[in-house]
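First comes the structure, then the notes that go with it.
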Number of protein chains: 2
Amino acid sequence: MSLIQIYQCLCDETRLRILHLLQDGELCVCHFQQILEEPQVKISKHLAYLRQRGLVESRRDGYWMIYRLPVRPCPELDANLACLHDCVREIPVFRRDTDRRARLRARLAATSPICCTPAKPKGKKKALVV
Amino acid sequence: MSLIQIYQCLCDETRLRILHLLQDGELCVCHFQQILEEPQVKISKHLAYLRQRGLVESRRDGYWMIYRLPVRPCPELDANLACLHDCVREIPVFRRDTDRRARLRARLAATSPICCTPAKPKGKKKALVV
DNA sequence: AGGGAATATGCACGGGTAAGAATATGCAAG
DNA sequence: CTTGCATATTCTTACCCGTGCATATTCCCT
């Protein structure tokens, strides 16, 4: 992973928002959709872009794909993510994302599922969680 | 100047090298040419790109255009330049640029001119410096 | 005024990329 | 093995960008 590639990943707002959210822990695609309020294809493609360049890692969990920052990020990525964290502190979009994520977390804590429930679960919820 | 614009500026190697050099003080275009060993048009266009987005400022001094980092950079730019400085410390191209700049400086200290001498000066040197 | 030096700009071309619509894939439950 | 859900991929369109060639601009000196 080169420094240039890192900057190429950072120069799009959607990707910045994704990386910023991931700094607070892993997320699945449907949660990105809920928080960012962007179409699925857009989010999915930016996640693929980031994954191909090694800025995020993914794993599957049943229906869902869970994305996270690299477990062992290279020093350049680490430094730039820290810098990003500082820079966005005051920017409304990013604060909004953080807030929406917190509220989403609260909602999830109240119910059982780890990830979002399918649109028409019909009581499948519990089974899905296991 | 937005954060995205900063990252857009940072995602090209030539521009990274330019910004890295400017962290050590202002430079004219012909010095960039000597240090980076890239064609004039390439350097000039990248400098224009950076200037249009507010990452560098320029002033004219006789024959020469002198470029520098903004006198009062915004916090985001400041943070990212510091981050860049850390990140490139070990990268050969950037070390080479630093070395070449130091050697250029030594050469200039030995002679009088502030900037490089025209190709065929014919004794105009002293007059140019004043 | 005119020449020459340093630098900038216009034009052209190839390549990457962002976005959306449509479609495909992988998974789980019945 | 079919259905429904979450996610990925393909295709297309439009745009921006990096580069090089040629030319223009701006300045200094005579």
Side-chain angles (χ1 to χ4, degrees), chain A residues 4-5 7-18 26-34 36-53 56 58-67 113-130, chain B residues 4-5 7-18 26-34 36-53 56 58-67 113-130:
Chain A
I4 304 288
Q5 274 186 322
Y7 286 128
Q8 283 172 345
C9 287
L10 294 178
C11 67
D12 176 273
E13 179 173 304
T14 305
R15 290 197 291 265
L16 275 190
R17 293 171 73 192
I18 288 175
E26 59 181 20
L27 272 179
C28 72
V29 178
C30 50
H31 285 162
F32 280 120
Q33 283 181 244
Q34 292 180 44
L36 302 180
E37 291 184 306
E38 297 280 359
Q40 180 262 326
V41 58
K42 186 171 177 179
I43 290 171
S44 188
K45 275 199 220 170
H46 282 299
L47 284 169
Y49 187 104
L50 291 170
R51 181 163 36 82
Q52 283 162 5
R53 286 155 183 81
V56 305
S58 64
R59 80 187 143 86
R60 180 175 278 282
D61 180 11
Y63 282 147
W64 306 293
M65 289 293 292
I66 318 270
Y67 285 82
I114 295 173
C115 199
C116 52
T117 43
K120 296 165 187 171
K122 292 181 180 174
K124 293 177 187 175
K125 209 191 296 186
K126 279 209 156 76
L128 283 171
V129 175
V130 175
Chain B
I4 304 287
Q5 274 185 321
Y7 286 129
Q8 283 171 345
C9 288
L10 295 177
C11 67
D12 176 272
E13 179 173 304
T14 305
R15 290 198 290 265
L16 276 190
R17 292 172 73 191
I18 288 174
E26 59 182 20
L27 272 179
C28 72
V29 178
C30 49
H31 284 163
F32 280 121
Q33 284 181 244
Q34 292 180 44
L36 302 181
E37 292 185 303
E38 297 280 359
Q40 180 262 327
V41 59
K42 184 171 177 178
I43 290 171
S44 188
K45 280 193 193 169
H46 281 299
L47 284 169
Y49 186 104
L50 291 170
R51 180 163 37 81
Q52 283 162 4
R53 286 156 184 81
V56 305
S58 63
R59 80 187 143 85
R60 179 174 279 282
D61 180 11
Y63 282 146
W64 307 293
M65 290 292 294
I66 318 272
Y67 284 83
I114 295 175
C115 199
C116 52
T117 42
K120 295 165 189 173
K122 292 182 182 176
K124 294 174 186 175
K125 211 189 298 185
K126 278 207 157 77
L128 284 172
V129 176
V130 176

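A, B, ... follow the sequence lines: proteins, then strands. Residue 1 opens every chain. Just so you know, these numbers use all the heavy atoms, side chains as well, and skip hydrogens, waters and symmetry mates.
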Inset, instruction - Using heavy atoms to find the nearest nucleotide of DNA chain C for B/L47 and A/T14 separately, return the residue whose nucleotide is more 5′. - result: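 On the 5' side of the pair lies B/L47.
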Inset, instruction - State whether the side chain of B/R15 and the backbone N or O of B/Q8 hold a donor-acceptor pair below 3.5 Å, judged by distance alone. - result: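 Answer holds: yes.
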Legend entry - Side chain A/R51, main chain A/R53, donor-acceptor under 3.5 Å: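 Not at all, since once roles are kept as given, no pair shorter than 3.5 Å links the two residues.
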Does [N] have its OP1 or OP2 closer than 4.0 Å to a side-chain nitrogen or oxygen of [X]?
X	N	result
A/R60	D/dC5	no
A/R53	C/dT17	yes
B/Y63	C/dA8	no
B/H46	D/dC17	no
B/Y49	D/dC17	yes

Inset, instruction - Kindly indicate whether the side chain of B/Y7, heavy atoms from C-beta on, has any atom under 4.5 Å from the side chain of A/L16. - result: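 In contact.
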Between [atom2] on [N] and [atom1] on [X], what's the gap in Å once rounded to a whole number?
X	N	atom1	atom2	answer
A/Q34	D/dA6	CD	C1'	12 Å
B/Q33	C/dA5	CD	P	14 Å
B/F32	C/dT7	CZ	C1'	13 Å
A/W64	D/dG4	CH2	P	18 Å
A/H31	D/dA6	NE2	C1'	12 Å
B/K42	C/dT9	NZ	P	19 Å
B/M65	C/dT9	CE	P	9 Å
A/K45	C/dG20	NZ	P	9 Å

Inset, instruction - Can you spot which of B/E38, B/Q40, B/H46 makes a side chain to side chain donor-acceptor pair (under 3.5 Å) with B/K42? - result: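 Filter result, single survivor: B/E38.
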Inset, instruction - Could you grab the distance from atom CD1 of B/I18 to atom CG of B/L47, nearest 0.5 Å is fine? - result: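 So the CD1 of B/I18 and the CG of B/L47 are separated by 4.0 Å.
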Legend entry - 5′-ward residue of the pair B/V41/B/R15 relative to DNA chain D: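 The residue mapped nearer the 5' terminus is B/R15.
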Inset, instruction - Look at the side chain of A/Q40 and the base of D/dA6, then say whether one donor and one acceptor between them are separated by less than 3.5 Å. - result: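 By the distance-only test, no, there is no pair.
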Inset, instruction - With heavy atoms under 4.0 Å as the rule, sort A/Y67 into base, sugar-phosphate or nothing. - result: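 Touches sugar-phosphate only.
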